[in-house]
Amino acid sequence: MRSIISAYKILGTMTIAVCLFSCNKEEIGVVPPEVIPAVVVDWAKAAEQSQIALDAQFYSVTQNYYNQNNDGHTGFNYWWNAHALDILVDAYRRTKDVRYLTKMDNLLAGCYVKNGNTYWNTFYDDMEWWALACLRAYDATKDEKYKIMARQYWTWIKVGWSDVKNGGIAWASGSKDSKNACSNAPAVIIAAKLYQLDNNMDDLVWAKKIYTWLKTYVVESSRGVVWDAYGNTKEESIYTYNQGTWVGAGLELYKITNEQVYLNDAVRNVNYVMNDQVKFSPKGVLKGENTGDGGLFKGIFIRYMAQMVLRGVVDDYTRELYVKYLKNNGNSLYTKAIRTPENTFGPDWASKPNSRVSDSSVQLSGLMLFEALDELKRANLLK
């Protein structure tokens, strides 16, 4: 999988700004120098080969879904497979190859059966990941079924809102007091995107209402980071995927309203994650968050951080820093964290996997990074 120019050089200081609303050259955070291979990566090729590995290592050809791991664990994870639909959308956008449309259709059919012959699920956040993937699928294909599915998911999801803990959508239908970030920030994105499709004012009202609740009760005001849930302020429970969907929520509402506060919230969060070398980004590379569900977390953050660049909402200096950070993560994953000949990833993007056994969540996360980098390349935003 490697096409590496094997010269080595010292990576100099990586300048990343910490600031409230934008990156200022006077406020520089310095990443410690690190010796890494100098590489020229064909991101499209890296993404395609990783897609092939995802199928070869994890896909159930008889039941049409992605298994939990590549070592005989055939467990079905509903929300992981929503992100599998997402990366198939990425691949279709990159290639326009109709075989990816067939793969998307097969995955939908397989997950419907594995989920008990229904798309409804007791976990509201799981349905939210599917709604988001369906909205992206609709945007890429204009296949009406995806929009219909997203609207149905949204109808189910709104039932999760209650006055318990002053509002918010529950994590699970049987637990009204479980008001988690992961069941609310994605809901903002869903509502905002549906508003942009149908111009239904009720969707925008929902998006703003949920966003306000999140910012009031789940976002820490001093740093702009997102806690795991209402009342859970443990540092060890601050996860990258919740930062990513908060960024995505701000982006969508900024796009609709042009109100600077939403963009400010998103920029502030990305800057913090990018600069925090203890919790999030040691040496400029996102820290591993284990396997299992945690294997997906980094890729979700990457997806929404990349949108900050692709949408052209930040100044040139900030954009360059964001691109440099994303590329640094990609180079680290490509040179350090791929196991051959399987072409599977480890959960730590800065070290070699110590086992051939891997979770599909981890593979999906790395794929999100490679697909995002190729999208930046196609948009002439990555050199």
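Here the structure is a predicted model, which is why all the values come from computation and not from measurement. Count residues from 1 along the sequence.
- Atom NZ of Lys96 has more than 12 neighbouring heavy atoms from other residues, nucleotides or ligands inside a 6.0 Å radius.
- Between the side chain of Gln363 and the backbone N or O of Asn343 there is at least one donor-acceptor pair closer than 3.5 Å.
- Note: Tyr119 and Trp130 have tilted aromatic rings, judged against thresholds of 30 and 60 degrees for the angle between ring planes.
- Surrounding NZ of Lys383 are at most 12 heavy atoms belonging to other residues, nucleotides or ligands under 6.0 Å away.
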Given the rule in the side-chain contact (heavy atoms from CB on, under 4.5 Å) test, do Leu204 and Leu253 qualify, once you have shown the distances and angles that lead to the verdict?
CA-CA 9 Å; Leu204 181 56; Leu253 284 173; 3.9 Å; yes
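- The cationic group of Lys209 lies under 6.0 Å from the six-membered ring centre of Trp206 and within 45° of the ring axis, placing it in a cation-pi geometry.
- Under the 4.5 Å side-chain heavy-atom criterion for Ile, Leu, Val, Met, Phe, Trp and Tyr, Val98 and Ile52 are members of distinct hydrophobic clusters.
- Using a distance-only test at 3.5 Å, with no hydrogens or angles considered, a donor-acceptor pair links the side chain of Ser365 to the main chain of Gly295.
- Between the side chain of Ser183 and the main chain of Ile169, a donor-acceptor pair closer than 3.5 Å is present.
- Scanning both residues, Asn70 and Ser358, for their nearest heavy atoms gives OD1-N, 2.8 Å.
- The only member of Trp80, Tyr59, Tyr78, Phe76 that meets ring-ring contact (aromatic ring centres under 6.0 Å, His included) when paired with Tyr66 is Tyr59.
- Phe58 and Val357 sit in two unconnected hydrophobic clusters of ILVMFWY residues. Membership requires side-chain heavy atoms under 4.5 Å apart, directly or through other members.
- The local environment of CG in Asn354 is sparse, with at most 12 non-hydrogen atoms from other residues, nucleotides or ligands closer than 6.0 Å.
- The two residues Leu369 and Leu326 make their nearest non-hydrogen contact at CD1-O, 3.9 Å.
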Could you give me the CA-CA distance, side-chain angles and deciding distance for Leu108 and Met149, then say whether side-chain contact (heavy atoms from CB on, under 4.5 Å) is met? CA-CA 11 Å; Leu108 282 180; Met149 286 180 65; 3.7 Å; yes
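- Taking hydrophobic clusters as Ile, Leu, Val, Met, Phe, Trp and Tyr residues chained together by side-chain heavy-atom distances below 4.5 Å, Trp213 does not share a cluster with Val164.
- Salt bridge status for Glu252 with Arg311: present, with a side-chain N to carboxylate O gap under 4.0 Å.
- Ile148 and Tyr195 fall into different hydrophobic clusters, defined by Ile, Leu, Val, Met, Phe, Trp and Tyr side-chain heavy atoms under 4.5 Å apart, directly or through other members.
- When each of Val219, Val270, Val273 is tested with Gln243 by the rule side-chain contact (heavy atoms from CB on, under 4.5 Å), just one qualifies, namely Val273.
- For the ring-ring contact (aromatic ring centres under 6.0 Å, His included) test with Trp171, the passing option among Trp79, Phe123, Tyr124 is Phe123; the others fail.
- Ion pairing between Asp276 and Lys287 fails under the 4.0 Å rule for side-chain N and carboxylate O.
- Note: Trp43 and Phe370 have tilted aromatic rings, judged against thresholds of 30 and 60 degrees for the angle between ring planes.
- For the pair Lys298/Asn329, no side-chain contact is recorded, criterion being any heavy-atom separation below 4.5 Å from C-beta on.
- Across all their heavy atoms, Asn106 and Asn64 have their closest contact at O-CB, 3.3 Å.
- The two residues Asn180 and Ala229 make their nearest non-hydrogen contact at OD1-CB, 3.4 Å.
- Note on Val278 and Trp349: separate hydrophobic clusters, where clusters join Ile, Leu, Val, Met, Phe, Trp and Tyr whose side-chain heavy atoms are under 4.5 Å apart, directly or indirectly.
- The pair Asp97-Lys103 fails the salt-bridge criterion, with no side-chain N (NZ, NE, NH1 or NH2) lying under 4.0 Å from an Asp/Glu carboxylate O.
- Taking all atoms of both residues into account, the shortest heavy-atom contact from Val188 to Ala249 is CG1-CB, 3.6 Å.
- A salt bridge is defined here as a Lys NZ or Arg NE, NH1 or NH2 lying under 4.0 Å from an Asp or Glu carboxylate O, and Arg319 with Asp316 meets this definition.
- Here the closest heavy-atom approach between residue Phe345 and residue Leu367 is recorded as CE1-N, 3.6 Å.
- Lys336 forms no cation-pi arrangement with Tyr334, by the criterion of a distance under 6.0 Å to the ring centre and an angle within 45° of the ring axis.
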**Message:** Between Lys377 and Val41, is the side-chain contact (heavy atoms from CB on, under 4.5 Å) condition met? List the steps.
**Reply:** CA-CA 11 Å; Lys377 183 75 172 179; Val41 183; over 6 Å; no
